[in-house]
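Take a look at the structure below.
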Amino acid sequence: MRFGSILFANGAGDATTESPAPPACLADLNLDQVIEAITAGRQEYHLHPFFYTPLHDADAIYYRHEVMRDLEDETLLESIKAFAQQMVVVRRYLALAEKLDFKHHIAGWRLEAANLYCETVAGLARRLEAANLRSRGLIAFRAYLSDYIHTPTFVALAGEAQKIKADLAAIQYCVIIRGSTVRVRKYEGEEDYSAEVEKTFEKFKQGAVKDYRIFRPERAGLNHVEGRILDCVARLYPQVFARLHAFCERHSQFLDETIRVFDREIQFYVAYLEFIARLRKAGLRFCYPHIVTTKDIAARDTFDIALANKLCEEKAPIICNDFYLQGRERIFIVSGPNQGGKTTFARTFGQLHYLASLGCPVPGQEARLYLYDRLFTHFERQEDIKNLRGKLQDDLVRIHAALERCTPDSIL
């Protein structure tokens, strides 16, 4: 079964539909701060372009709502997180193999990566089969995954990786050190005297004693002596190591592209849900907005998400507001004293529509929001002496530029 994207309903996934640069409105709305907070710690997924790419189709937005709702099931969310964490380790193993010096060691880490990849993908397939999914996106991905793990390519990859790992684990050998000479030979059934030594000296134990053992930090790489020992072991067991290298050559690119894209894109949902979970814990409400093409819009108990994120850290109260436009109404005029919340309300209005266009839950108990084509902002800026314009002239120039690009479907 074909599967395109967990983010884009039209099936175009990964870099094909991303905006590399942030929209101009983000800084005015303080959404740049929110996006930084959401994506913190997830730099390897390069999530910013997803948050820079508003959707302009209601069905595409509802496609994401469905996935978000599924992921609000804690068991499913934990399954996705576990999958993502294991995939991080797979990539780490592959990156490590690129930095090593000894060919058998490199092949060993590639084998470890392939084994973990197969276990991770098969594990996610099992957990998705057990999940009560409702979203089109996750149902389609579950079907893709179910087909994928039964393909001859994946079955061969998983089977060969397990068999070669088991054969390598069964290898036993002896290292004989005399002075500066190191000799390696096959294990010939010699008795392991470690247990006998421990048993003999057991009677001398007198409670807790100082541990004189020296623990060296573990290293991923091998020194030249260890590398030569590994070469000798490979010569003792040539068939096993030949199969290891043949496996690595046949499966040099074992990561499935669709699964790689899913692993990245699903982090958009996970990151946003984790971000709003803290705000929800503080008692704030989030809802899935109804997207409308008429300009009768409304929101109840909504708030500035950037300000709320800051105030939650300070354990300060957060003021919620309602708003609505009906009939021919198109403009809000908000008056009041300084620090009375006028700018906060304006930002809230813009934030709601922008977050809704991303397919995200928005602040509030319920919301009905407009499907806009462009969102423009005009907030106060400090005078820039380089452009030789006064503040009033600069405001007029910026407003004029926005109005030239506005359409009847725009929000300003």
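Tyr370 and His353 have their aromatic ring centers separated by at least 6.0 angstrom. Taking the six-membered ring for Trp and the full ring otherwise, the centers of His48 and Phe51 sit at least 6.0 Å from each other.
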Quiz prompt | Test log, rule side-chain contact (heavy atoms from CB on, under 4.5 Å), inputs Asn132 and Asp70 | solution = CA-CA 8 Å; Asn132 181 26; Asp70 271 352; over 6 Å; no

Exercise. Take Lys295 and Glu329 through the test salt bridge (Lys or Arg N to Asp or Glu O under 4.0 Å) and record every step on the way to the result.
Key: CA-CA 8 Å; Lys295 297 182 180 179; Glu329 295 173 341; over 6 Å; no

Practice problem: Report the C-alpha distance between Ile229 and Val182 in whole Å, list the side-chain angles of each, state the deciding distance to 0.1 Å, and finish with yes or no for side-chain contact (heavy atoms from CB on, under 4.5 Å). | Solution: CA-CA 8 Å; Ile229 290 173; Val182 177; 4.1 Å; yes

Practice problem: For His251 and Tyr117, run side chain to side chain donor-acceptor pair (under 3.5 Å): C-alpha distance rounded to whole Å, both residues' side-chain angles, the deciding distance at 0.1 Å, then the answer. | Solution: CA-CA 12 Å; His251 302 287; Tyr117 169 76; over 6 Å; no

Practice problem: Starting from the C-alpha separation in whole Å, work towards a yes-or-no answer on side-chain contact (heavy atoms from CB on, under 4.5 Å) for Thr258 and Tyr148. | Solution: CA-CA 10 Å; Thr258 298; Tyr148 171 71; over 6 Å; no

Self-check item: Full working for salt bridge (Lys or Arg N to Asp or Glu O under 4.0 Å) between Asp28 and Arg347
Solution: CA-CA 8 Å; Asp28 280 341; Arg347 284 199 176 102; over 6 Å; no

Practice problem: Start with the C-alpha distance between Arg280 and Glu72, add both sets of side-chain angles, then the distance that settles salt bridge (Lys or Arg N to Asp or Glu O under 4.0 Å), and finish with yes or no. | Solution: CA-CA 12 Å; Arg280 281 173 163 168; Glu72 290 199 19; 3.4 Å; yes

Quiz item: Passes side-chain contact (heavy atoms from CB on, under 4.5 Å), Phe241 versus Leu230? Steps please.
Solution: CA-CA 10 Å; Phe241 280 84; Leu230 183 55; 4.2 Å; yes

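With hydrogens and angles disregarded, a donor-acceptor distance shorter than 3.5 Å links the side chain of Tyr187 to the backbone of Glu190. Judged by distance alone, with hydrogens and angles left aside, the side-chain atoms of Ser135 form a donor-acceptor pair with the main-chain N or O of Leu138 at under 3.5 Å. Looking only at distances, a side-chain donor or acceptor of Asn115 sits under 3.5 Å from a matching main-chain atom of Ala161. The closest donor-acceptor contact from the side chain of Asp304 to the backbone of Leu307 lies under 3.5 Å. Side-chain atoms of Asp373 come within 3.5 Å of backbone N or O of Ser410 as a donor-acceptor pair. In this structure, Gln267 contributes its side chain and Tyr45 its backbone to no donor-acceptor pair below 3.5 Å. Arg142 places a side-chain N or O within donor-acceptor distance of the main-chain N or O of Leu128, the cut-off being under 3.5 Å. Using modelled atom types, no side-chain atom of Thr302 and backbone atom of Gly364 make a donor-acceptor pair closer than 3.5 Å. A donor-acceptor pair under 3.5 Å links the side-chain atoms of Lys342 to the main chain of Pro337, judged by distance alone. A donor-acceptor contact shorter than 3.5 Å is absent between the side chain of Arg374 and the backbone of Cys406.
Taking the charged nitrogens against the carboxylate oxygens, Asp296 and Arg368 have no contact shorter than 4.0 Å, which rules out a salt bridge. For Asp256 and Arg260, the salt-bridge test fails: no basic side-chain N is under 4.0 Å from an acidic carboxylate O. Salt-bridge formation is not detected for the pair Lys199/Glu196: no Lys NZ or Arg NE/NH1/NH2 atom is positioned less than 4.0 Å from an Asp or Glu carboxylate oxygen. A salt bridge does not link Lys165 with Glu160: every distance from a Lys NZ or Arg NE/NH1/NH2 to an Asp or Glu carboxylate oxygen is 4.0 Å or more. Under 4.0 Å is where a charged nitrogen must lie from a carboxylate oxygen, and between Arg398 and Asp394 at least one such pair does.
Atom CZ of Arg278 has more than 12 neighbouring heavy atoms from other residues, nucleotides or ligands inside a 6.0 Å radius. Environment of CD in Glu249: sparse, with no more than 12 heavy atoms of neighbouring residues, nucleotides or ligands closer than 6.0 Å. More than 12 heavy-atom neighbours from other residues, nucleotides or ligands sit within 6.0 angstrom of NZ on Lys81. Heavy-atom contacts from other residues, nucleotides or ligands closer than 6.0 Å to OH of Tyr173 number 12 or fewer. The environment of Arg250 atom CZ is dense: over 12 non-hydrogen atoms of other residues, nucleotides or ligands sit within 6.0 angstrom. For CD of Glu44, the number of neighbouring non-hydrogen atoms (other residues, nucleotides, ligands) closer than 6.0 Å is greater than 12. More than 12 heavy atoms of other residues, nucleotides or ligands sit less than 6.0 Å from atom CZ of Phe332.
The two atoms that bring Tyr269 and Ile6 nearest to each other are OH-O, 2.6 Å, heavy atoms only. Of all heavy-atom pairs spanning Ala298 and Leu369, the tightest one is O-CD2, 4.3 Å. Leu76 and Ala131 get closest at one heavy-atom pair: CD1-CB, 4.2 Å. The minimum heavy-atom distance linking Leu244 with Gly108 is given by the pair CD2-N, 4.3 Å. Nearest approach of Leu279 to Cys312, heavy atoms of both residues: CD2-SG, 3.5 Å. Contact detail for Val67 and Gly137: the closest heavy-atom pair is CG2-CA, 4.4 Å.
Shown are Phe345, Phe323, Phe286; of these, the ring-ring contact (aromatic ring centres under 6.0 Å, His included) with Phe303 is made only by Phe286.
Side-chain contact, Asn10 with Tyr63: no donor N or O sits under 3.5 Å from an acceptor N or O.
Expressed to the nearest 0.5 Å, how far CD1 of Ile149 lies from SG of Cys118 amounts to 10.5 Å. We find the CD-CG distance between Glu36 and Asn309 to be 12.0 Å, quoted to the nearest 0.5 Å.
Taking the ring centre of Tyr288 as origin, the terminal cationic atom of Arg69 falls inside the region bounded by 6.0 Å and 45° from the ring axis. In this structure, Arg64 satisfies the cation-pi test against Phe8, with its NZ or CZ atom closer than 6.0 Å to the six-membered ring centre and inside 45 degrees of the ring normal.
The aromatic rings of Tyr93 and Trp109 are tilted relative to each other, their planes meeting at an angle between 30° and 60°.
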